[in-house]
Amino acid sequence: MKVEYITSIERVDGLSKDEKRRLKRVTEKFPFRANTYYLSLINWSDPNDPIRRIIIPSEEELEEWGSWDPSDEKRYTVAPGVEHKYRDTALVLFNNLCGGYCRFCFRKRLFVKGNKEIIRDPRPALEYIKEHPEINNVLISGGDPLLLSDRRLEDILSGLRAIDHVKIIRLGTKMPAYNPYRILNDDKLLRLIEQFSFKDKRIYVMVHFNHERELTPQAISAIDRLLNAGAIICNQTPLIRGVNDSAESLSNLINKLSFIGATPYYMFQSRPTLGNKAYSVPVEEGIHIFEKAKISVSGLANRLKFVMSHKTGKIEILGIDNEFIYMKYHRTPDGEVPKVMKFERNPEGYWLEDFKPVSQ
Ligand code: SF4
């Protein structure tokens with residue numbers, strides 16, 4: 001199948017003239033990008049179709065809420081395109097394109113004209129990583145690294161593999177969902193994974209399936225090819241209103257991921273990003289969905305953790321009782337020993353600051 005990318009909402013056949021006119025206003029603020037494969041998964045007769053919700057803009061995005069950089073990534077930017085927040089991990093942004101733009105993306109600022117956070121030349125990033133022997137883990141993230149040419153990807157992977165202290169390379173990608181043909185039609189890409197995923201230093205492909213309907217036969221074949229090439233596959237998804245905000249849809253997703261060998265890894269609390277209120281679910285509701293979804297799945301699907309990527313660290317959301325909600329830092333920039341934190345309940349709370357700590 002030949003997949004064509006579409007960046008004008010006017011070219012989406014499933015929308016009426018009036019919808020196109022109204023949604024154009026939204027895309028002037030938050031750019032639109034999709035492709036013919038992913039659009040073909042939409043059931044246009046269902047206005048609440050989850051695939052439509054992921055990729056087609058909504059006027060709700062114009063509601064004022066949140067900020068461009070809710071996790072304050074700028075604070076941890078140490079060189080152009082390089083973030084160093086946790087001691088052993090570097091995050092590198094080499095690309096400001098994705099196979100589609102998720103409407104709820106927390107890095108949507110990258111897609112807006114004039115953003116300069118991306119680096120084209122990998123050398124300064126490689127130099128920084130080389131000078132920091134504590135970094136054993138490099139995450140190349142989105143924009144989607146699988147939209148880079150094989151040539152650029154090869155330069156980056158070979159550069160990282162030339163640094164002995166880099167053990168894990170993570171590729172954060174939604175391409176198996178957005179356009180699995182990027183993997184199915186490109187043996188060179190698979191050879192690169194084979195070449196640079198060693199038995200003692202693996203490449204992890206961090207995939208991003210939000211709903212079971214994205215797990216098409218093509219997507220499953222793409223995962224199979226990546227596994228056969230020697231990659232380890234983990235899935236991360238935010239909890240998104242209208243996409244996976246029921247125990248049933250979440251358990252179906254994590255069950256199917258476990259069947260195909262993609263470990264359900266993190267479910268993220270949606271970050272309070274500009275335009276994202278309508279896609280966000282309050283934390284307490286999220287806990288109920290998460291716990292209920294996990295009841296009916298195997299231990300392998302059950303490895304999912306519910307986390308909040310806060311500017312102060314990665315926080316695991318542990319649970320709730322009649323009075324309190326419990327969380328624990330999973331990782332902090334200064335590497336402090338984590339302790340369980342207790343907060344007053346707040347059914348309207350979306351982010352750490354919405355919860356009042358209780359001293360213990
Ligand atoms: S794939 Fe990731 S980086 Fe790209 S638009 Fe979606 S959430 Fe954002």
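Both counts, for ligands and for their atoms, begin at 1 and track the order of listing.
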Is a donor from one side chain sitting under 3.5 angstrom from an acceptor on the other, for Y181 and D186?
no
Would R161 and F196 count as a cation-pi pair here, with the cationic atom under 6.0 angstrom from the ring centre and within 45° of the axis?
no
When Ile, Leu, Val, Met, Phe, Trp and Tyr are grouped by side-chain heavy atoms lying under 4.5 Å apart, directly or through other members, which residues fall in the same group as V358?
L318, F324, Y326, V340
So if I count the atoms of ligand 1 from 1 in the order they appear, which ones are less than 4.0 Å from some heavy atom of F111?
5 (S)
Polar protein atoms near atom 6 (Fe) of ligand 1 [N, O or S; cut-off under 2.8 Å]:
C102 SG
Is the shortest heavy-atom distance from the side chain of Y204 to the side chain of I169 under 4.5 Å?
no
Within 45° cone and under 6.0 Å: K305 NZ/CZ vs Y266 ring:
no
Within the 3.5 Å criterion, strictly below it, is a donor on E60 or S58 matched to an acceptor on the partner's side chain?
yes
